[in-house]
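Notes follow the structure.
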Amino acid sequence: MAGIARYNGKNNWEEWREEWKGEDRYNFRTIEKKWQKICEDEKAYKVDIDHQKEKFYVLVEFPYPSGAGLHVGHPRSYTALDVVARKKRMQGLNVLYPMGFDAFGLPAENYAIKTGVHPAVSTKANIENFTRQLKSLGFSFDWDRCFNTCDPEYYKWTQWMFIQFWKHGLAYKDKMAINWCPSCKVGLANEEVVNGHCERCGAEVVRKNKEQWMLAITKYADRLIDDLQKVDFIDRVKSTQVNWIGRSEGAELEFELCDENGQPLAQKMVVYTTRPDTIFGATYCVMAPEHELVAQLADRFENAAEVKQYVENAAKKSELQRTSDTAKTGVELKGVKAKNPFNGQLLPVFISDYVLTGYGTGAIMAVPAHDQRDYDFAKVFGLPIVQVLDGGDISQQAWEEDGVHINSGFMDGMDKKQAMTAAIHYAEEHGFGRAKVNFKLRDWVFSRQRYWGEPIPMVYCPHCGWQPVPEDQLPLRLPDVPDYRPNDNGESPLANATEWLKTTCPKCGGEARRETDVMPNWAGSSWYFLRYCDPHNDKEFASQEALDYWMNVEWYNGGMEHTTLHLLYSRFWHKFLYDCGYVSQPEPYQKRTSHGMILASDGEKMSKSRGNVVNPDDIVDNYGADTFRLYEMFIGPFDQVAMWSEESLNGVYRFVSRVYALFQKVYADAVMSDDDLRAMHKCILDVGERIDQMKFNTAVSSLMTYVNHLAGMEKIPAPMYETLLKLLAPFTPHLAEEMWARLGHQSLIVAETWPIGDPALAEEQMVTLGVQMNGKMRGTITVAKNATKEETQSVALQLDNVARQIEGKEVKKIIVVPGRIVNIVV
RNA sequence: GCGGAUAUGGUGAAAUUGGUAGACACGCCAGACUUAGGAUCUGGUGCCGCAAGGCAUAAGAGUUCGAGUCUCUUUAUCCGCACCA
């Protein structure tokens, strides 16, 4: 604490007040810089494993260090959890609150293509800028744990983990139709396609067949849903995850394919349905145009040319065209019929692009009476519509609700649930079907034909196939290349690094070639929270001791935009590490919350093109970090969108200045009335409770109420002001430290203990309660807190207003709720 | 279409979970003061009305002694997902 002592030589606040008398202006610029330096010199926020203390791991999403610098949205999340971290620290917990940088990504690479500046160079500069900005806001991060994902010492472990995936059969290479962005020249995960457009550049996404590395996230689909029960995520986040995974229960049923006369062919067609109970209403079947049977049976089609044409057209269509065009098209496969296994009926078979190749089996049985899409298709093609569930008006639209089964053989009279069970049972018994669960979630496309990412540590040997780079050779460093542009045949810029490409097979030693694709952005952020536990370890991604001590994350906050992608990927990744025994719990985050976006004052998203961007540097410079932080907490409910307002910001500045000015009225010998004591304890209780409940905006308003109380006093007793500073310390750390020092304290307020409020002392002795007649407010009375019902009632009846209105009426009933209300019913 | 929200003064919002609607701020109005600062301080400010009083939580119904809060219906806005059989 040498630094503090040097700064503060005095021991009592009377002396201090004398000394600071001349300074009535709140000079946040010097004050904030001074305390940032002291806290850094003192390593006030450094944490280590301490088994004597209970740990608390607070996490915020680390930023992508863009060239634009920090956005005012970042501090909303960072300040909120900084408040939580600081409070927990003052409550005696060992708090880990780290920060790092998610440094691989497209913008740096695109910038490199434009300017020729190596991504490593621009990224480094951006990280420096971000670090400066974050430090200027006074967050209590343990900066010793800072790292970034493009550092080989970090991505070494990302690569190592990829190899573990591969060893466990969860990473595989597959040729498949992927979403291809013709502008970025890169394959995209489903998650990166927004309305058929590239999430980054907005270009229309097309389908392209490419060999891609895949991670088998679908193997974890069930657990990713089920384990949500174990964690405390806000409902919004949980339901988004469940929705995205899209679990549905149904059945796979086999249909024999026949010729026109019912003579069976060699092939069978398997369909997936969630409504096996409606099978007696199936009047035709549909396969996706890409279905393998379509090619296999091509010779049999009487209208082969027409079929071929349709298949080719479908292949040409972009994902967007295919999904936005809801008008039903299709072609019947003439010469082929499907036999309904339940009743032997021969059904026509169509191909249509409303059936998707990647979901279920790529083939369906169509029940137009009870599925609106089938209904629409049947209307276009004039196909029969057979109702098998009672209800609705089938002449108008499909009936998709529950009902009593009719025309359904052995299922007649059953409701949906009974019939589902019966149908599946029947199919299993006769060996042509089984219950089946399907997911919307697809495996994770893990290759990017790009430069600025982690090289995938795999080697292709003509004799031995794909082999991982030996683990002792990691990190596999990203080589320099002359040209960052991906080429048109869809190969990564790494394909240009001819020397780097050539290698030997780790297995047979023969000539081999490296994988040229890199990993997607999401890779590095899928496990970064583990690295914070032990960031400088060069033997393991983190030591067992560190992981056992620090994991799980108690509270993770981030943007709503990351609840589908990042959250799902990192949960999956963590579960895999759990299965391998590296981490001891199946879920990484105990609690997940999301903050609302901050919009510009015009209600629009902040963007360069609109010119409505607020730069955090300007706010820090003009109002100070404390005002900035406090304003972001006061701006509105934490989980909802908020609009930036310079006027409100100024109001918070006034509050901060008032706290500073109150110092002039602090006296050691001032007396505290019951009323003062009550105000203090009420504030302690409110602020603590509201921080825990993420109601930061109302926590600030109770601080304001307390300050208004202090401002009304002639002399402020020192303990009352000290309490204010402690409660304020998580929000406005610089101001709190400054005033704390001016009161004569030799140590930092960060290290102080959080005050404890006494509910008994916070309670009012007299309560004011409303008096209603027939539920309408007629006045208020003030009675002692512990007044009996009878006392309260008699006081209420004496009210002028009440007495007047009661006259001539019969009082039927008087309801007295002590401490709340009196209601007189006449 | 499906899923999730949200709706309260001129504005951002509170409301101890069914008990005095509008805390705390912004803005505005009036006044005071000054070394003119990003000032500060005092008072006022939901709407109608001189007042007594009446009306007010998107709209409508219901439950209740009592509803911003619970139930049903409707509307609007925002965010996801979207031909997932």
Side-chain angles (χ1 to χ4, degrees), chain A residues 24-26 194-195 234-240 242-244 246-248 250 271-275 278 286 322-328 352-356 358-367 370-374 376-377 400 438-442 560-561 563-564 596-597 622-623 631 634-637 639-655 657-658 661 686 689 695 697-708 711 767-781 801 812-817 819-826:
Chain A
D24 56 347
R25 261 197 77 221
Y26 164 49
V194 180
N195 284 332
I234 52 175
D235 289 345
R236 226 162 20 131
V237 171
K238 278 192 186 180
S239 68
T240 309
V242 170
N243 250 341
W244 187 266
R247 183 188 152 103
S248 74
V271 305
Y272 177 70
T273 176
T274 52
R275 295 295 304 275
T278 62
V286 188
R322 256 177 104 141
T323 53
S324 64
D325 206 3
T326 48
K328 299 287 182 286
S352 170
D353 61 8
Y354 86 91
V355 172
L356 308 174
Y359 184 76
T361 59
I364 62 155
M365 63 174 205
V367 184
H370 304 291
D371 182 291
Q372 192 58 43
R373 294 156 305 184
D374 299 345
D376 295 341
F377 188 89
E400 299 184 340
N438 263 329
F439 299 93
K440 288 185 201 172
L441 185 71
R442 313 288 165 83
M560 207 52 205
E561 69 275 18
T563 49
T564 35
M597 260 200 305
N622 292 328
Y623 295 89
Y631 170 63
F634 190 57
I635 195 167
D639 57 349
Q640 278 167 43
V641 273
M643 254 187 276
W644 187 263
S645 156
E646 191 97 8
E647 281 169 341
S648 297
L649 178 68
N650 202 36
V652 174
Y653 177 80
R654 285 208 281 262
F655 168 78
S657 312
R658 199 171 307 141
D686 280 356
E689 204 171 285
K695 291 168 147 189
N697 55 333
T698 55
V700 176
S701 56
S702 41
L703 286 164
M704 287 172 165
T705 307
Y706 183 53
V707 164
N708 288 346
V767 288
T768 302
L769 49 163
V771 179
Q772 302 180 327
M773 293 191 62
N774 292 341
K776 296 239 180 221
M777 280 297 301
R778 294 298 163 191
T780 59
I781 53 171
N801 226 342
K812 280 190 186 155
K813 199 166 157 193
I814 300 180
I815 293 151
V816 181
V817 184
R820 298 250 190 251
I821 200 111
V822 180
N823 193 6
I824 301 161
V825 186
V826 297

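Values reported hereafter were calculated over all heavy atoms of this structure, with side chains retained and with hydrogens, waters and symmetry mates removed.
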Spacing between Met597(A) atom CE and rC78(B) atom C1', to the nearest angstrom:
9 Å

If the C1' atom of rA23(B) is compared with that of rU73(B), how far apart are they to the nearest Å?
33 Å

Whether the side chain of Tyr631(A) engages the backbone of Ser645(A) through a donor-acceptor N/O pair (distance < 3.5 Å, no angle test) should be reported.
yes

For rA85(B) versus rC2(B), give the span between their P atoms, rounded off to a whole number of Å.
14 Å

Please compare Val825(A) and Asp371(A) by the position of their nearest nucleotide in RNA chain B and report the one closer to 5'.
Val825(A)

Closest listed nucleotide, where the reference is the side chain of Lys440(A) and the choices are rC24(B), rC81(B), rG19(B):
rC81(B)

Please check: side-chain N/O of Glu400(A) versus main-chain N/O of Gln372(A), any donor-acceptor pairing under 3.5 Å?
yes

Between atom OH in Tyr706(A) and atom P in rC24(B), what is the gap in whole Å?
17 Å

Using atom P in both nucleotides, what's the gap between rA39(B) and rA58(B) to the nearest angstrom?
36 Å

Among rG80(B), rG38(B), rC24(B), which nucleotide has an atom closest to any side-chain atom of Tyr653(A)?
rG38(B)

Would you classify Asn697(A) as touching base, sugar-phosphate or nothing, given that sugar-phosphate means primed atoms plus P, OP1 and OP2, and contacts are heavy atoms under 4.0 Å?
sugar-phosphate

For nucleotides rG9(B) and rG60(B), find the distance between their P atoms and express it as a whole number of Å.
15 Å

How would you list, by chain and number, every residue that makes a side-chain contact (heavy atoms from CB on, under 4.5 Å) with Glu646(A), sequence neighbours excluded?
Tyr623(A), Trp644(A), Leu649(A)

Identify the two heavy atoms, one from Val355(A) and one from Ala363(A), that lie closest to each other, and give their separation to 0.1 Å.
CG1-N, 4.2 Å

What integer distance in Å separates Asn774(A):CG from rA67(B):P?
11 Å

Separation between the C1' atoms of rA67(B) and rU17(B), rounded to whole Å:
12 Å

Please list, chain by chain and in numerical order, all residues satisfying side-chain hydrogen bond (donor to acceptor under 3.5 Å, both in side chains) with Asp686(A), sequence neighbours excluded.
Lys682(A)

When rounded to the nearest Å, what value does the distance between P atoms of rU8(B) and rU57(B) take?
12 Å

Using a 4.0 Å heavy-atom cut-off across all strands, classify Thr780(A) as base, sugar-phosphate, or nothing.
base

Quick one: classify the glycosidic conformation of rG49(B) as syn or anti, with syn meaning within 90° of 0.
anti

From C-beta outward on Thr273(A), which listed nucleotide comes closest to its side chain: rA85(B), rG54(B), rG38(B)?
rA85(B)

Rounded distance (Å) that lies between atom P of rA23(B) and atom CG of Leu703(A):
18 Å

Base, sugar-phosphate, or nothing for Glu647(A), non-hydrogen atoms under 4.0 angstrom?
sugar-phosphate

Expected rows: protein N/O vs nucleotides 39-45 of chain B N/O, under 3.5 Å:
none

If I pick the C1' atom on rG54(B) and the same atom on rC50(B), what distance separates them, to the nearest angstrom?
15 Å

Whole Å only: how far is the CE atom of Met777(A) from the C1' atom of rC65(B)?
14 Å

Could you say whether Val767(A) or Tyr359(A) is positioned toward the 5' end of RNA chain B, judged by the nucleotide with the nearest heavy atom to each?
Val767(A)

Nearest-angstrom distance from the residue atom CZ of Arg275(A) to C1' of rC83(B):
17 Å

Rounded to the Å, how far apart are Ile821(A) CD1 and rA15(B) P?
18 Å

Pairwise C1' distance for rC78(B) and rC55(B), with rounding to whole Å
31 Å

Could you label the plane-to-plane angle of the Tyr272(A) and Tyr359(A) rings as parallel, tilted or perpendicular, counting under 30° as parallel and over 60° as perpendicular?
perpendicular

Pairs: protein N or O with nucleotides 2-12 of chain B N or O, under 3.5 Å:
from: rG3(B); atom 1: O2'; to: Asn243(A); atom 2: ND2; distance (Å): 3.1
from: rG12(B); atom 1: O2'; to: Ile635(A); atom 2: O; distance (Å): 2.9

Kindly point out which of rA15(B), rA85(B), rC24(B) is positioned nearest to the side chain of Ile364(A)?
rA85(B)

Asn243(A): side-chain contact (heavy atoms from CB on, under 4.5 Å) partners, not counting sequence neighbours
none

Quick note, Lys695(A) side chain, CB onward, closest among rC81(B), rA15(B), rU20(B) is rA15(B)

side-chain contact (heavy atoms from CB on, under 4.5 Å) evaluation trace for Val816(A) with Val822(A)
CA-CA 5 Å; Val816(A) 181; Val822(A) 180; 4.3 Å; yes

Side chain proximity check, Asp639(A) to Arg236(A), heavy atoms < 4.5 angstrom
yes

Expressed as a whole number of angstroms, how long is the span from Arg820(A):CZ to rA67(B):C1'?
15 Å

What's Val817(A) touching, base or sugar-phosphate or nothing? Going by heavy atoms closer than 4.0 Å.
base

Any base atoms under 4.0 Å from Gly651(A), or only sugar-phosphate, or nothing? Heavy atoms, all strands.
sugar-phosphate

Would you mind classifying the nucleic acid contact of Ser657(A) as base, sugar-phosphate or nothing, using non-hydrogen atoms under 4.0 angstrom?
nothing

Only Watson-Crick and G-U wobble pairs with both distances less than 3.5 Å should count. Give RNA chain B in dot-bracket notation, marking inter-strand partners with |.
(((((((..(((......[....)))((((((.......))))))(((....)))..(((((..]....))))))))))))....

Given the 90°-from-0 boundary between syn and anti, rU16(B) should be labelled anti

Among Val707(A), Asn708(A), Asn650(A), which residue satisfies the side-chain contact (heavy atoms from CB on, under 4.5 Å) criterion with Phe655(A)?
Val707(A)

NA contact type, Val271(A), heavy-atom cut-off 4.0 Å: base, sugar-phosphate, or nothing?
nothing

Among rC65(B), rG38(B), rA14(B), the one nearest any side-chain atom of Asn823(A) is rC65(B)

Within the side chain of Asn438(A), is there an N or O that forms a donor-acceptor pair under 3.5 Å with the backbone of Ser248(A)?
no

Would you classify Phe655(A) as touching base, sugar-phosphate or nothing, given that sugar-phosphate means primed atoms plus P, OP1 and OP2, and contacts are heavy atoms under 4.0 Å?
nothing

Taking any heavy-atom pair under 4.0 Å as a contact, classify Lys776(A): base, sugar-phosphate, or nothing.
sugar-phosphate

With respect to the side chain of Thr698(A), which nucleotide from rA14(B), rC65(B), rA85(B) is positioned closest?
rA14(B)

